[in-house]
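We count residues from 1, following the sequence as given.
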Amino acid sequence: MPQPARWRAGAFCCQDGPFCFVGILELASASWARCNLGGRSGNGKETSSGDTGHKGRLSEPRRNNRAGKGSSAVELAQKYELALEALKSYVAKAGFTDVVLGLSGGIDSSLTATMCVEAFGAQHVHGFMLPGPYSTDHSLIDAEDLARNLGIETQVISILEPYRGFEAALESALGGSLSGLASENTQARCRMVSLMAISNAKNWLLINTGNKSEACMGFSTLYGDTAGAFAPLGGFYKTDVFALSRWVNQRAIEQGSVAPIPEHVLVKPPSAELSPDAKDEEVMGIEYDVLDRILIAHYEQGLSIDEVAAQGFDAEQVAYVVKRTDGFAFKRAMEPPFPEAHFYA
């Protein structure tokens, strides 16, 4: 059974505005102490070179990430309630009544928005769609459908103009236009600059939408989607994000309500949409289902690399996951706090 998160008094500056929050999570779990994993927000991911990559957390094995199977309804309900209560507590102690987040049309921001509405009410949740040069129409449609189902107001802010402004300003220094990783990460940072400006202007707390799997793999953008005050999904592996999303929808249907998360969000391949036709699993070089089971075995259960490989995983793939996870600790140190319940004890 998941154990509740613990907090201790302290000063944690969660935004660059005048508000500082007292009370940070006590990083008490053995797996956290060993891996030093953190949280995430917004849209955008990096995958190599210095500050690149996606981030991640640690979770237990899941056989089918997109089907969202593996945990019982009771287990999922317990995990969801622990994360929900941690989110409520954090925002209340920080002194905020409203929150803001980016809506990408993806699974992470969809579940995060759903949780925020349950925690604070639709009128206190503000979602922004921030399309860039590689955003797809279906992602905007998915985000709009989610917002409609949740009853929250949304706005569209294109990052094309600020992105092109950075591209023009940097052309001389770069000896050409932005490309590759620099282009991808600049898009993510344009999104976060926009969200932080809104957060400061409106006095709304920025919520991070990252998960544990991507934090482990460094699959995130420093000063981009690693920003935010709190990451309610930061303690969940990606496979559980899918499972929790399915559970949330099923619970709504059983209660006679509309399922909040569009079905297309649950079945489409996750993508940061920072380059043409990019898929997250292809960029990381591993499927989430396999990734999570390796992370759980090594970091949650304490098995050695050889012991994990002996469970039937490819030895080179196990070594790759562990190397990336250990190597991107510096990025996780920059991520916001998250519910440090013992979700996978």
Side-chain angles (χ1 to χ4, degrees), residues 11-25 38-45 55 83-84 86-106 108-132 143 146-147 150-163 165-166 185-211 220-234 272 334-339:
F12 181 82
C13 195
C14 57
Q15 300 250 91
D16 60 1
F19 297 95
C20 278
F21 160 71
V22 288
I24 60 174
L25 282 169
R40 153 172 142 217
S41 110
N43 306 320
K45 310 185 190 298
K55 33 185 185 180
L84 182 68
L87 174 63
K88 289 180 181 178
S89 176
Y90 195 104
V91 173
K93 290 179 181 180
F96 290 82
T97 60
D98 289 47
V99 297
V100 59
L101 73 163
L103 299 179
S104 67
D108 297 320
S109 63
S110 294
L111 181 59
T112 302
T114 301
M115 190 175 289
C116 286
V117 167
E118 185 168 346
F120 312 115
Q123 69 274 23
H124 296 291
V125 179
H126 310 278
F128 289 84
M129 293 170 279
L130 302 136
L146 170 79
L150 292 174
I152 62 176
E153 294 185 2
T154 60
Q155 293 185 45
V156 177
I157 301 175
S158 173
I159 66 164
L160 286 176
E161 187 174 349
Y163 172 76
F166 276 111
N185 294 340
T186 299
Q187 294 170 57
R189 292 178 181 126
C190 284
R191 291 188 170 103
M192 202 49 56
V193 167
S194 301
L195 290 173
M196 282 304 307
I198 295 166
S199 171
N200 293 155
K202 299 289 189 178
N203 195 30
W204 299 336
L205 194 67
L206 178 61
I207 301 300
N208 180 289
T209 64
N211 65 75
S220 58
T221 300
L222 283 179
Y223 320 113
D225 60 343
T226 56
F230 190 73
L233 305 186
M334 300 294 290
E335 296 173 351
F338 59 88

Considering all heavy atoms of both residues, which atom of [X] and which atom of [Y] are nearest to each other, and what is their separation?
X: Y223; Y: M334; result: CE2-CE, 3.7 Å
X: R191; Y: P131; result: NH2-C, 3.9 Å
X: S194; Y: C190; result: OG-O, 3.0 Å
X: P336; Y: A231; result: CG-CB, 4.3 Å
X: K88; Y: E118; result: CE-O, 4.4 Å
X: P162; Y: S158; result: CD-O, 4.0 Å

* Does any donor atom in the side chain of S109 or T209 lie under 3.5 Å from an acceptor atom in the other side chain? ->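 Side chains of S109 and T209: no pair found under 3.5 Å.
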
4.5 Å side-chain heavy-atom contact, [X] and [Y]:
X: L87; Y: P339; value: no
X: V100; Y: K202; value: no
X: R189; Y: L222; value: yes
X: C116; Y: I207; value: yes

* To do: Determine, step by step, whether L195 and F128 satisfy the side-chain contact (heavy atoms from CB on, under 4.5 Å) criterion, reporting the C-alpha distance in whole Å, the side-chain angles of both residues, the deciding distance to 0.1 Å, and the verdict.
  => CA-CA 8 Å; L195 290 173; F128 289 84; 4.1 Å; yes

From [options], residue fulfilling side-chain contact (heavy atoms from CB on, under 4.5 Å) relative to [X]:
X: L146; options: I152, L111, T154, T114; result: T114
X: Q187; options: L130, I159, T221; result: I159
X: V99; options: V125, T112, L206; result: V125

* **Heavy atoms from other residues, nucleotides or ligands near CD of Q155 exceed 12 (cutoff 6.0 Å)** => no

* Asked: What distance separates L205 CG from L101 CG, expressed to the nearest 0.5 Å?
  ->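 Spacing of CG (L205) from CG (L101) equals 11.0 Å.
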
* To do: Begin from the C-alpha positions of F120 and D98 and carry the test side-chain contact (heavy atoms from CB on, under 4.5 Å) through to its verdict.
  => CA-CA 7 Å; F120 312 115; D98 289 47; over 6 Å; no

* Please confirm whether the backbone N or O of P232 pairs with a side-chain atom of Y90, one donor and one acceptor, at under 3.5 Å? => no

